[in-house]
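Worksheet: one structure, shown below.
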Amino acid sequence: MLNYTTYLHKTATEWVTFVHGAGGSSSIWFKQIRSFGAQFNVLILDLRGHGNSKPALKDAFNKKYTFDSITHDIVEVIDHLKIESSHFVGISLGTILIRNLAEKHPKRVKSMIMGGAIMKLNVRSQILIRLGVIFKSVVPYMLLYKFFAFIIMPRKNHKSSRLLFVNEAKKLYQKEFVRWFKLTSEINPLLRFFRAKDIKIPTLYVMGEEDHLFLPSIKNVVSKHLQATLLVIENCGHVVNVEQPELFNTRTIQFIKGLA
């Protein structure tokens with residue numbers, strides 16, 4: 001089972017589950033735990049191969065991960081904790097896992113807060129991924145990861161986010177990085193499906209105005225999905241919860257409270 005930590009509130013019955021992105025870990029939510037823990041029960045977890053979730057023995061012989069199998073890891077944890085339903089907060093690739101979980105188990109998801117959400121790969125993103133596929137076996141993975149981190153978060157004010165993700169990615173093994181990178185082969189059809197289907201679950205997209213790779217497609221999705229709303233944070237890049245934590249916490253907690 002995935003490594004996880006819970007923060008239990010004395011009286012609250014609502015749960016909020018945090019899902020990090022590829023190359024990160026549960027530690028990226030350190031600026032959220034106190035604010036959310038003051039009002040909700042909180043669950044943070046490390047995705048397989050990340051943080052303290054070491055690759056399972058069965059994964060040693062599994063060269064390919066799927067979004068369904070990684071989503072199942074999350075469901076396994078909430079089943080273990082007997083959490084019937086939860087609000088979910090994700091960042092970057094974690095938002096894809098949350099949306100996939102909502103498709104497979106809609107009754108388990110009360111709402112979705114999607115930070116730095118990925119709903120479409122533009123031409124530049126797809127070129128980067130193809131280059132990564134070509135060079136993933138010959139170039140040290142940390143060099144690739146630093147390159148991708150810089151493309152996604154290029155500005156001076158994104159530096160803390162870049163460093164945080166690069167330092168977390170250093171804990172991955174090369175084989176683990178390659179397994180996660182291979183997920184990109186199934187990402188386009190999945191995202192196409194997500195864009196086309198208006199899921200009936202309240203969704204708040206929280207995007208930085210400088211998230212040049214992913215913000216345009218999210219604006220388009222929100223214009224078509226009735227249950228979706230968009231918060232764009234000024235002077236902010238991809239990792240909104242790290243770059244603007246106070247605003248992120250205030251507005252996302254307001255969103256959850258407004259659903260009651």
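Only heavy atoms go into these numbers, but all of them, side chains included; no hydrogens, no water, no symmetry mates. Everything numeric here is computed off the predicted structure, so don't read it as measured data.
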Item to check | Those residues that, when tested against Phe30, pass side chain to side chain contact (heavy atoms under 4.5 Å, CB included) (two or more places apart) | outcome: none
Next on the checklist: Taking ring pair (Phe, Tyr, Trp, His ring centres under 6.0 Å) as the definition, give me every residue that meets it alongside Phe18, ordered by chain and number, with sequence neighbours left out.
Outcome noted: Trp29, Phe36
Expected output: side-chain [X] to main-chain [Y] donor-acceptor under 3.5 Å:
X      : Y      : answer
Asn241 : Gly115 : no
Asp198 : Leu226 : yes
Ser69  : Tyr65  : no
Asp46  : Asn52  : yes
Thr17  : Ser86  : no

Checklist entry - Got a sec, which pairs hit ring-ring contact (aromatic ring centres under 6.0 Å, His included) with one end in residues 237-260, sequence neighbours left out? => result Phe214-His238
Item to check | Residue pairs fulfilling ring-ring contact (aromatic ring centres under 6.0 Å, His included) with at least one residue in residues 81-121, sequence neighbours excluded | outcome: none
Checklist entry - Is Leu163 linked to Ile28 within one hydrophobic cluster, defined over Ile, Leu, Val, Met, Phe, Trp and Tyr using a side-chain heavy-atom separation of less than 4.5 Å? => result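 In one cluster with Leu163: Ile28, no.
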Item to check | Steps toward side chain to side chain donor-acceptor pair (under 3.5 Å) verdict (His158, Glu210) | outcome: CA-CA 9 Å; His158 306 164; Glu210 298 164 357; 2.7 Å; yes
Residues 76-85 side chain polar contacts: donor-acceptor under 3.5 Å, at least two apart:
unit_1 : atom_1 : unit_2 : atom_2 : d
Asp79  : OD1    : Arg108 : NH1    : 2.9
Asp79  : OD1    : Arg108 : NH2    : 2.9
His80  : NE2    : Tyr4   : OH     : 3.4

Checklist entry - After noting the C-alpha distance and the side-chain angles of Glu14 and Asn41, does the key distance pass the side chain to side chain donor-acceptor pair (under 3.5 Å) rule? => result CA-CA 6 Å; Glu14 301 257 38; Asn41 296 304; over 6 Å; no
Please report the closest heavy-atom contact between [X] and [Y], naming both atoms and the distance.
X      : Y      : result
Lys110 : Pro202 : O-CD, 3.6 Å
Val240 : Gly237 : CG1-O, 3.7 Å
Val242 : Ser160 : CG1-OG, 4.4 Å
Val222 : Ala228 : CG1-O, 3.7 Å
Ile118 : Ser92  : CD1-OG, 3.7 Å
Leu215 : Gly208 : CD2-O, 3.7 Å

To the nearest 0.5 Å, what is the distance between [atom1] ([X]) and [atom2] ([Y])?
X      : Y      : atom1 : atom2 : answer
Leu247 : Thr252 : CG    : OG1   : 9.0 Å
Leu230 : Leu204 : CG    : CG    : 8.0 Å
Leu43  : Ile74  : CG    : CD1   : 9.5 Å

Next on the checklist: Taking side-chain contact (heavy atoms from CB on, under 4.5 Å) as the criterion, tell me which of Thr71, Thr203, Ile199 meets it with Arg99.
Outcome noted: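 Checked Thr71, Thr203, Ile199 against Arg99; only one passes side-chain contact (heavy atoms from CB on, under 4.5 Å): Ile199.
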Checklist entry - Which side-chain hydrogen bond (donor to acceptor under 3.5 Å, both in side chains) pairs, counting each pair once, include a residue from residues 216-234, with sequence neighbours left out? => result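 Qualifying pairs: none.
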Item to check | Worked check of side chain to side chain donor-acceptor pair (under 3.5 Å) between Asn235 and Asn157 | outcome: CA-CA 8 Å; Asn235 303 313; Asn157 57 307; over 6 Å; no
